[in-house]
Amino acid sequence: MMNTTRLERAVVSIYPEIHRRVTSSVDDADERLLWKELSCCVLSSQVRYPVAVAAAEALEREAVLCRQGASADALESVLRSPLLVDRRVHHYRFPKSKAQQLAATHAAVHSSGNGLLALLDGFSCAEEARHWFVANASGMGPKQASMFLRNTGMTYDLAVLDRHVIDYMDELGISRVERPGALSTLKGYSNRETVLKSYAHDLGMAVGLMDWAIWIVMRVFKAGNDKVAYS
């Protein structure tokens with residue numbers, strides 16, 4: 001059992017720095033950056049985040065997703081290439097299935113407009129955007145769609161409910177998932193998100209940045225080191 005008071009204090013203590021860094025570093029997104037962020041969100045499912053980032057950067061270098069009609073074969077070829085992460089060579093875990101998902105998502109985006117930037121500009125709110133990506137982007141559930149919209153600076157009012165955030169909520173008794181898989185649907189996800197939004201509001205925080213603070217804090221506490229540093 002973790003010390004819930006120390007957990008909450010740690011989140012509160014590092015939130016201002018996260019808010020400052022994130023809100024001061026958001027640049028105007030271009031098509032290439034948007035595809036990099038989207039691919040990273042898709043590629044990070046069941047994969048270590050640094051490996052997913054390296055794979056997304058490899059796709060960006062080849063600019064595969066910035067071409068019309070990006071093929072699954074071209075994407076898979078890049079994802080099968082060795083990746084250097086922390087001075088060690090890694091191989092991406094799901095090159096074929098993720099290549100197929102990204103190719104399908106690329107086709108869905110271009111069938112709805114002239115690319116990701118144009119698509120995002122057409123949404124009236126972040127919730128509408130998330131709904132579209134969950135419904136149309138292969139490999140993107142509510143968590144991945146929320147992460148994409150946060151990382152691109154479109155909104156900080158959607159929560160990324162990963163396992164660290166869920167564990168934090170459970171530790172503090174904020175709420176519990178009633179059944180396995182409840183977070184895989186937008187309805188179940190939104191129900192849990194609403195609770196976290198209320199908690200964030202009470203602390204004077206944006207939920208889409210507070211969840212980032214929680215992610216950092218929980219990783220540190222689970223590793224058995226309660227000295228939290230943001231870097």
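Just so you know, these numbers come straight off a predicted model, no measurement behind them.
Within the 4.5 Å cutoff, no side-chain heavy atoms of Y156 are placed close to those of D211. Taking the side chain as every heavy atom from C-beta outward, R192 and M169 approach each other to under 4.5 Å. At a threshold of 4.5 Å between non-hydrogen side-chain atoms, the residues L7 and I214 do not count as touching. Residues I14 and I216 meet the side-chain proximity criterion, which asks for heavy atoms closer than 4.5 Å. Side chains of L116 and T152 form no contact here, defined as non-hydrogen atoms less than 4.5 Å apart. Here the side chains of Q46 and F94 are in contact, with some heavy-atom distance below 4.5 Å. With a 4.5 Å cut-off on side-chain heavy atoms, N3 and F221 do not count as touching. You'll find the side chain of R21 reaches within 4.5 Å of the side chain of E17, heavy atoms only.
Counting heavy atoms of neighbouring residues, nucleotides and ligands inside a 6.0 Å radius, atom CZ of R67 exceeds 12 of them. Residue D202 places its CG atom among more than 12 non-hydrogen atoms of other residues, nucleotides or ligands, all under 6.0 Å distant. For NE2 of H164, the number of neighbouring non-hydrogen atoms (other residues, nucleotides, ligands) closer than 6.0 Å is greater than 12.
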Take S39 and L65 through the test side chain to side chain contact (heavy atoms under 4.5 Å, CB included) and record every step on the way to the result.
CA-CA 9 Å; S39 63; L65 289 166; 3.9 Å; yes

Please determine whether side chain to side chain contact (heavy atoms under 4.5 Å, CB included) holds for the pair H131 and E127, giving the CA-CA distance in whole Å, both sets of side-chain angles, and the decisive distance to 0.1 Å.
CA-CA 6 Å; H131 187 275; E127 285 80 5; over 6 Å; no

CA sep, side-chain torsions, deciding dist, call: L38, L102, side chain to side chain contact (heavy atoms under 4.5 Å, CB included):
CA-CA 9 Å; L38 185 147; L102 287 171; 4.0 Å; yes

Does L83 form a side chain to side chain contact (heavy atoms under 4.5 Å, CB included) with V89? I'd like the steps, not just the answer.
CA-CA 5 Å; L83 303 169; V89 175; over 6 Å; no

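For the pair A70 and A103, the tightest heavy-atom approach, listed with the atom from each and the gap, is O-CB, 3.8 Å. Nearest heavy atoms, L79 versus A55: CD2-CB, 3.9 Å. Here the shortest heavy-atom pairing between L43 and Y92 reads O-OH, 2.7 Å. In plain terms, the two heavy atoms of F148 and L34 that are nearest each other are CE1-O, 3.3 Å. When every heavy atom of V160 is checked against every heavy atom of V165, the shortest pair comes out as O-CG2, 3.5 Å. The nearest pair of heavy atoms linking A159 to V207 is CB-CG2, 3.8 Å.
A donor-acceptor contact shorter than 3.5 Å is absent between the side chain of K36 and the backbone of E57. Side chain of S77 to main chain of A74: no donor-acceptor pair is present (N/O by atom type, distance under 3.5 Å, no hydrogens or angles). Between the side chain of R32 and the backbone N or O of E60, at least one donor-acceptor pair lies under 3.5 Å. Distance alone, capped at 3.5 Å, places no donor-acceptor pair between the S190 side chain and the K187 backbone. Between the Y15 side chain and the A206 main chain, a donor and an acceptor come within less than 3.5 Å of each other. One N or O on the side chain of S81 and one on the backbone of V78 form a donor-acceptor pair closer than 3.5 Å. Judged by distance alone, with hydrogens and angles left aside, the side-chain atoms of Y189 form a donor-acceptor pair with the main-chain N or O of L161 at under 3.5 Å. No side-chain donor-acceptor contact under 3.5 Å links E8 to the backbone of T5. Between the side chain of S45 and the backbone N or O of V42 there is no donor-acceptor pair closer than 3.5 Å. Side-chain N or O atoms of T105 include one that pairs as donor or acceptor with a backbone N or O of S138 at under 3.5 Å.
In the hydrophobic clustering of this structure, V53 does not group with L33; members are Ile, Leu, Val, Met, Phe, Trp, Tyr whose side-chain heavy atoms approach within less than 4.5 Å, directly or through other members. Tracing side-chain contacts under 4.5 Å through hydrophobic residues (I, L, V, M, F, W, Y), one never reaches L183 starting from L158; they form parts of separate clusters. Each of L209 and M154 belongs to its own hydrophobic cluster when Ile, Leu, Val, Met, Phe, Trp and Tyr are linked at side-chain heavy-atom distances under 4.5 angstrom. Both V22 and W215 are assigned to one and the same hydrophobic cluster, defined by single-linkage of ILVMFWY side chains at heavy-atom distances under 4.5 Å. Transitive grouping of hydrophobic side chains (ILVMFWY, heavy atoms separated by less than 4.5 Å) keeps M140 and L186 in distinct clusters.
Here the OG1 atom belonging to T4 is positioned 13.0 Å from the CG atom belonging to D170, to the nearest 0.5 angstrom. Here the CG atom belonging to L196 is positioned 13.5 Å from the NE2 atom belonging to H201, to the nearest 0.5 angstrom. L75 contributes atom CG, which lies 12.0 Å from atom NZ of K96 (distance to the nearest 0.5 angstrom). Between atom CD of residue Q144 and atom CG of residue N151 there is a gap of 11.5 Å, rounded to the nearest 0.5 Å. Rounded to the nearest 0.5 Å, atoms NZ (K143) and CE (M147) are 5.5 Å apart. For the atom pair OH (Y49) and SG (C40), the distance works out to 4.0 Å, reported to the nearest 0.5 Å.
Ring planes of H106 and H110: tilted class, angle from 30 to 60°.
One finds a salt bridge joining R130 and E193 here, because a Lys/Arg side-chain nitrogen approaches an Asp/Glu carboxylate oxygen to under 4.0 Å.
For D162, there are no salt bridge (charged side-chain N to carboxylate O under 4.0 Å, His left out) partners two or more places apart in sequence or in a different chain.
For the residue pair E128/W132, the side-chain donor-acceptor check at 3.5 Å is not satisfied. In this model, no donor atom of one side chain and acceptor atom of the other lie less than 3.5 Å apart for R150 and T155.
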